[in-house]
Structures are given as structure tokens and as C-alpha cells.
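I have placed the structure first, in the form of C-alpha cells, so that the comments after it can refer back to it.
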Amino acid sequence: MLEELIKKSLLAVLEKYSVFEEDIDIQLEKPRDRSHGDLSTNLALMLGGRLQRKPRELAGEIAAEVSFPGDVIESVEIAGPGFINFRIASAYQVDLLMDLWGPEGALEAIKTGAQKRINVEFISANPTGPLNVVSARAGAFGMTLVRLLDAIGYDAHAEYYVNDAGLQVGLLGRSLRAHYLQLAGDEVEFPENGYHGRYLEIMAAELMEQDSLAVKKAASAFDDESFQRITAPEGNAEDWRKKPEEDSVRCFSKYALMKILSWQRETCRRFGLRFETWYFESELHETKRVERALERLRKTESVFEEDDAVWFRATDYGDEKDRVLVRTDGMPTYFLADLAYHYHKFQRGFEHAIDFWGPDHHGYIQRMQGAMEALGVARDWLEVQILQHVTFLEDGRPINMSKRQGQFVTMDALMDEVGADVAKFIFLTRKPNSHLEFDLDLAKEQSNENPVFYVKYAHARICSVLRNAAEAGIDPGEPDAEVLKRLDQDAEWNLVRELIRLPQVIVSAANSREPHRLTGYISEIAGLYHQFYHQCKIITDDEQTTLARLHLSLMTQRVLRRVLELIGIDAPERMGEKN
RNA sequence: GCGCCCGUAGCUCAGUUGGAUAGAGCAGCGGACUUCUAAUCCGCAGGCCGCAGGUUCGAAUCCUGCCGGGCGCGCCA
């Protein structure tokens, strides 16, 4: 690593001042202003006070004495109040660039994850309706983070938790049943707080037409292992209708759950989300994991009974209040099931777990981590990322997204209107913890001005240049260091300097859980390529120049593809209707 | 009331974890297509980084207090 080398060389000089490695954390950073060199350190400023020296003077001495092996550093200068600025030799920058070309694309060096297994859980929406746009944002973040973690050498596992055992599913069945009975002409009272979504009306209408064979067939959509436990209820809606209310509701619930999960899964596929596991809450109950988790927790003396309920002493673990585990009616709370779920996640051998939650769940973090701690799992084993809400604007006005009102923007509608790629890109331009305002009209009507096209266009433009080269009978072959070293224009080097940042961008995006750094990075790359394209004619009469610029184009293409792959966006060969 | 998040150009947001003259896109104004794709590029204009203190060589960034906005504070999930 270049930075390590510079630090080592600086430390060698610092010994004269009786400053050693353990005394100081040398910081190297890329200056904003390029005239300040490629890398800069503030160490003279940091040491000035301690050594009773003027920082600028000190910087001068250090700069004069420091030396580097090889021809890596071209120049060392002091500037400002005492910064020491380094200029990296262009030949060395070309070497760094070439590292990006191999099959691992210079990423071998950043694979620090040691194949540790990390579970990344996201979306986990209630199975009570189609996925909405909040889930879309979570999907874009979660899936990209999984790929980022894999890229730096972890074994990341995408997981979706299905709350199929709670009261909401019963309410869903009750609502579907009410819709159905209404269609069938029965007098029914709609359940209090029931689901009024149009999708349930449609589902009820479909049910009118379906015989038991059709119902069974609907279940066969689930072929993969995660969904083995999902089956269709026997018979058809007419049969269910005749049953006693409780049995009847159960059948309608089962059917609704099955249908909605098939929608959700299809929507995820369409959005490019690949979950390795769909984990069902009902399985936790069936396998007695909920009870066992409670038993285990009881042994820790952080459980007590009061008012006929069972409580977790969450206040001992940093929470504001103690929390109920088992309600007065003997039913476990969502919290207990969820904690059993996370404990099982731990038992399944994940060394770390990352959950993406909505902002309304942030008050839930303390009790969850507290309970895990009580069970003997380190507090930071579970990491919770809060994703702020998305406000969708249509006609300049926010859209009400309450499911209960039956009026919300679905993820499918979003993909229909703006496309999956545009949506993903926009979601990933903001950091997780900031609110996102998504103007639907702007995204679909003025989609040419969307940043995602800017990046795609840069990629397509490169493809076009390469096609033209091929047509002119030029075969650039593989990028070559000797050829690239002939680059001599500012626009070319601006691009080179940015391209070689790829590894560190990936590392920082992964470790900070901020995938939005990727979109910023490729927007920058795309911009620099467009500038280069305008400033430097690529295919010229000069064979050497042509070759060097084609190689630079190939490198840019490689980097754009790599990052677009991480985000899950298509890199088109040419721009057209579809993009 | 308590807790968490946010406040940066007219709008939407970045700001490399404390660095040098605070950036980009959109909107506005002015330029560049006989050209390897103009879905692009170049230029201009736009700022009390919510306010006030503090920490130090140095603060949009860290600490404290206000102001303003969002969310949470269930034996719901």
C-alpha cells in the first residue's frame, strides 16, 4: 500500500524528534484542491504544539529529510500553515491503474473479511399487502450492502423475515373474508382496523371464480425451498365460507398469505433482490424456539412476572422501560418472537448481523440488543441501520402511504413508472439516515436528466468508441502500462486519479454501510470521462495516442461496470428506449 | 415532557469521519453539434453551513444551550 509506505518513511524521520509510531496516528488524505498534490498530511500541525515548534518550520524540516524507496513519490512540498503535500509519480499511478485490470481488479488486497458470515436482513415487510416504496429503498440498500460485503471478502447472506404468525395475518384473512362475503351478497360487518386495500377486493373477486384446483395451482408458484411451508388451504372459497367463523378465517388467511407472499417474492425478483433465506415466524413457534428463548432468558434473572404478564428487565440493559414478553392472555409478544428469531440467527453461526429498520422502530433497538446481551450475545453482534422514510411526491404533493387507508404507492408501480434502475440509483444517492424526497413526475417525465442516464451514457459512449475503433480496424488489446504512460493531458490524468480510487471507495462504502458513496463515485467517473471525451479525440491518426486513449477507455468501462454491478444496475452497450 | 434523526445555494442533496478558497445536480443566464453519440461539454450567477457560545494551530463536521422540522415513547407489529 502506498499510504503505508509514506507513513513508514515519515515515521523514520520522526524518530529524530523522539516521536514514535505509538505516539501519533499519521493521517494522509486526498486534498480537495489538486494543486496541493495527490496526498497530504497534517502531521506537522499536530506535532507543533507538542514539540513547541512552529508547524510550518517543522514541516519544512520533515519534508527536507524524508525519503522514499523507488520512484513512487515525485515531489514533496510544504504549504499553508504546515501541510506536507506529496505528488505521486505518474508511472506509479499507471501501475495502480493496471492493478484494476486483473480478474480480481485490485480487489484482492481489500478482501479483509476473512469469509466471516454476516447476515443482512432487510425489507421483512408484513405479509399483508404488496410491497411499497419504503421496501424498495430498503431493498436497494440491503442488496447493495450484501454485494459490497462480499466484495471485501465477507460471506454475506441476504435474509427476509416473514411475520406470518401475528395478529395482522388474522386480520388480513378476516378482511379478505369480509370482502368475499360482501361480493357473495352476505350481510357482513367489516373488521375493525381491517385492510381496505383494493388488492383485497381484487383478490376476493378472483376467488369467486376459482375452483379448488385453481386454488391449489396458485400454491405451486412456490418452488424454492424457503417456501416449502406455504401451502394452499383445501377446497375453494365457497367451502371456506360455509365453515365456522374461526376455521373460515383461517382458510382465508392462509390463502391471502400465500397470494401476497407470491406477489412480494415476484416484486423482489423484478427489483433484482435475491434472498438466500425467507425466514418464517411461524416456524419459530412450531419448533418451540420462542419458548426456549424465554426459558433461556428466565435463567438469567432478567425476567419477572407482574400483572399476570411476563416482563424483560430491559432497564438493566439501557432501555427506558421494562418490556412485556408474554401478554396477560398468554400470547408471546412480537418482541419475544423477534428476539427468539435473532437468537436463532446467532445460533445459525452468523458472526455478525445487520438489520435494516424503518425510523419508527428505532426505539426498539435498545431492548433488542439488551435482550441479546442478556442471552450472552455481545451487544454489537446485532447492528441496526435505520432507513429514513421516503416521501413520494406526485403533482408536487406528498402521497399518503398508509396501508390501512388502502392508498399507497407500490414497489411495482414504481418500477412500472420509472424503471427499476432509475429507482435503485435514486435511492442510493442519499445516505441511509437521511429523508428522501422522490418526485415521481420528475423521475418519469424528465428521466433524461436523471443522474442514472448520465452514468449509463458514459458507459454506452465508451462502447460506441470501442465499436468505432473496431470498425477502423484497430484492436486495442489488453490495457498496457507502457502504453498508458504516454497519456499527457490533464483530462486523462484526472480520470486516472479517480479510477484508481475504486478499491478504497468500495472499502469505505462497505465499512460505513453507506452504499450511496458508490453512486457519487461513478457519477464523478462518468463526468470525468465525458470531459475527457470532449477534450481529447480518442481515435486519431497517431497510433500511440489512439492506443493509450482506448486503453484508458477500457479501464473506465471496467470500473463503471464493476460499480454498476454492485448497485445492481444494467450497463448498456448503447442508449435506447429501454434505458 | 423524555429519546433518536435532520437543518448546507431558489429546489433536491454531497461534503472522504477535524483541514487549505464549502461542492454537485436541477431551476436561471450565456456559449459549443459539416465532430469518435449534444441523454454531452464549457462559462456566468447563486452561501451568516438554523442561532449563540465553547473545545484548538484549524469547526459545516466535536461539546453545551436555544430555535425549527420529522419519528418514536403499547400487554400493536
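Below, chains carry the letters A, B, ... as their sequence lines are ordered, and counting in each starts from 1.
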Review item, nucleotides 17-19 of chain B N/O atoms under 3.5 Å of protein N/O:
from, atom 1, to, atom 2, distance (Å)
B:rG19, N7, A:Asn42, ND2, 2.9
B:rG19, O6, A:Asn42, ND2, 3.1

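Taking a pair as Watson-Crick or G-U wobble with both distances under 3.5 Å, RNA chain B forms stems of 3 or more consecutive pairs at B:1-5 with B:69-73, B:10-13 with B:23-26, B:28-32 with B:40-44, B:50-54 with B:62-66.
Screening residues 529-550 of chain A for salt bridge (Lys or Arg N to Asp or Glu O under 4.0 Å), with sequence neighbours left out, gives A:Glu492-A:Arg549. For residues 512-535 of chain A, the salt bridge (Lys or Arg N to Asp or Glu O under 4.0 Å) pairs, not counting sequence neighbours, are A:Glu383-A:Arg513, A:Glu514-A:Arg517.
Proximity of residues 540-561 of chain A to RNA chain B (heavy atom under 4.0 angstrom from any strand atom) is not detected for any residue. If you check residues 427-437 of chain A against RNA chain B, the residues with a heavy atom closer than 4.0 Å are A:Arg430, A:Lys431, A:Asn433, A:Ser434, A:His435, A:Leu436, A:Glu437, listed by number.
Taking side-chain N and O atoms only, A:Gln531 has a distance below 4.0 Å to OP1 or OP2 of B:rC42. Of the side-chain N and O atoms in A:Arg461, one or more sit less than 4.0 angstrom from OP1 or OP2 of B:rA38. Between A:Tyr533 and B:rA38 there is a side-chain polar atom (N or O) within less than 4.0 angstrom of OP1 or OP2. For A:Asn468, a side-chain nitrogen or oxygen approaches OP1 or OP2 of B:rU37 to under 4.0 Å.
In this pair, A:Trp357 and A:Tyr364 present their aromatic rings perpendicular. The plane angle is above 60°, beyond the 30 to 60° band.
Relative to the six-membered ring of A:Tyr533, A:Arg461 meets both conditions, a distance below 6.0 Å and an angle of at most 45° to the axis.
Between the side chain of A:His389 and the base of B:rG70, no donor-acceptor pair under 3.5 Å is found.
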Checking A:Leu339 against A:Leu297 for the side-chain contact (heavy atoms from CB on, under 4.5 Å) test, could you report, in this order, the C-alpha distance in whole Å, the side-chain angles of both residues, the deciding distance, and whether it holds?
CA-CA 10 Å; A:Leu339 111 76; A:Leu297 207 54; 4.1 Å; yes
